[in-house]
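Step one of this worksheet: look at the structure below.
Protein chains get the first letters and strands the later ones, always in sequence-line order, with residue 1 at the start of each.
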There are 2 protein chains.
Amino acid sequence: MITDMARQARYDRPTLLNKAISLFWDRGYHGSSMKQIEQALDLRPGSIYAAFGSKDGLFAEALATYADQGRLELMGYLESSESIVDGLQTYLRAMAGTASASADKPARACMIIKTLLESSRTHPELAGQAEQILADVRKALAEALEQAKMAGELADHTDCERLARLIQAQIVGLRSMAERGLSPEELTELASDVSAILDAYRARH
Amino acid sequence: MITDMARQARYDRPTLLNKAISLFWDRGYHGSSMKQIEQALDLRPGSIYAAFGSKDGLFAEALATYADQGRLELMGYLESSESIVDGLQTYLRAMAGTASASADKPARACMIIKTLLESSRTHPELAGQAEQILADVRKALAEALEQAKMAGELADHTDCERLARLIQAQIVGLRSMAERGLSPEELTELASDVSAILDAYRARH
DNA sequence: CGCGTTGTTGAGCGATCATTCAAGAAAGGA
DNA sequence: TCCTTTCTTGAATGATCGCTCAACAACGCG
């Protein structure tokens, strides 16, 4: 018979996951040791393994959580703007600020891409998860673009799947460049140039 | 007194480096163990350490060699074409073929970017080397663009440093996308779209 | 206050990590 | 042929890897 909960865990799972995200995002999968994870989560190995099963399990859940947050952010930009293309451009420009280095948080590329590039030949499971996330994002982008086309924002002959792929490549490139020591001004200019690419796809009035 | 060379090494250093490049490019720094390096180079640890000093030393030299080869390839495209912008576009389109997966060689993103993203917070020396290479490439790109502007290929108001940054972001994005399971057609389309971005910067006649 | 249950702890597991080095093998000069 | 020098070999090093588990601590319940 299922009985009472004899003792409640001291930790808060979402908080734990955000700490894990921060560490893995910084150092990658291979670059984060269990010792560092224990320190970051302030948890002893037994508790970590009870909660997440393995280092792989923790990483996978952290990556999924990161992806959810990123998806939410993108969707926020798309929905808060009247025009989808405008929202997309605002999102791209905002990334220069988000990704830029500051006192508390260093500049970091997208964790999905970092994971894909690190693990594609060493850790197929993780790579597969990263690819799936990228495929989902691209699909969401394509659907938004399709809406934009319906609304007359984009030229009629626009291939939305193809444009979604181009935009995803832009996001990947822009965010990867952010991992370098680029100045905020340089990054802002770059984001602006990237965002301007979309103008070529707008419907002519 | 300096005397004779009693015994010549059995290996050929450039060949060794190319084998190391292949392994590190696939698996990254942390993902390549000395055991795998020994196997890839068909050399015992003593010889490896005698020749390169350390795993770090071998990686650094492999990365530098890779960068030289990549620089040579880019310059080849720029110099073989009458127009610099045409050469750049050809280069971008060719990358879809180069980076695409084939029977013998899998699809791989740029090793410089992979190194930067993997080591920026775990291995500052390597990250610094990768950043330096990226800075050099960008400088070379900017100089080529300056030439193109002189030749009237680009609009007079073009900011070549800034455009070089945009092009580098395109290369990074395109090559990173290649690490995914994208089909050759999708990659070709993407490369074509990326290359078309440059048209907006051409001088109007 | 036991009792059962569940979370926490940290020493310690075997495996693998990068690296070293004494001993052997291969070449040229005498 | 022997000596010297250089390269090769592979067992062994200490450190660290991800992970386990028996002992202990905290809670709800009767």
Name the closest nucleotide to the [X] side chain, picking from [options].
X	options	answer
K55(B)	dT8(C), dA18(C), dC19(D)	dA18(C)
M34(B)	dT9(C), dA18(C), dC19(D)	dA18(C)
S33(A)	dC17(D), dC17(C), dT9(D)	dC17(D)

Separation of [X] atom [atom1] from [N] atom [atom2], in whole Å?
X	N	atom1	atom2	value
K35(A)	dG18(D)	NZ	P	10 Å
I48(B)	dC17(C)	CD1	C1'	14 Å
L43(B)	dT19(C)	CG	P	15 Å
E38(B)	dA18(C)	CD	P	9 Å
D12(A)	dG7(C)	CG	P	15 Å
R10(A)	dT6(C)	CZ	C1'	14 Å
F52(B)	dT19(C)	CZ	P	14 Å
L41(A)	dG10(C)	CG	P	16 Å

B/S/- along nucleotides 20-26 of chain D (protein heavy atoms under 4.0 Å) is BB---BB
Can you tell me which residue among L166(B), D86(B), L88(B) is in a side chain to side chain contact (heavy atoms under 4.5 Å, CB included) with L198(B)?
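Exactly one pass, corresponding to L88(B).
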Could you check whether any side-chain N or O of W25(B) sits under 3.5 Å from a backbone N or O of A109(B), counting only pairs where one atom can act as donor and the other as acceptor?
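Answer holds: yes.
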Donor-acceptor under 3.5 Å (R165(B) side chain, E186(A) main chain):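 Yes, R165(B) side chain to E186(A) backbone: donor-acceptor pair under 3.5 Å.
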Partners meeting ring pair (Phe, Tyr, Trp, His ring centres under 6.0 Å) with Y91(B) (sequence neighbours left out):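 Y77(B).
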Does the pair R202(A)/D199(A) count as a salt bridge with the N-to-O cut at 4.0 Å?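 Looking at R202(A) and D199(A), the cut-off is met.
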| said: One thing to verify: whether E38(B) and K35(B) come together as a salt bridge, which I'm taking to mean a side-chain N less than 4.0 angstrom from a carboxylate O. | reply: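 No.
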* Asked: Nearest nucleotide by nearest heavy atom, which residue falls closer to the 5' end of DNA chain D, Q36(A) or Y11(B)?
  ->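 Nearer the 5' end of the strand: Y11(B).
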Once the angle between the rings of F24(B) and Y29(B) is folded into 0 to 90°, is it parallel (under 30°), tilted (30 to 60°) or perpendicular (over 60°)?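 Rings of F24(B) and Y29(B): parallel, under 30°.
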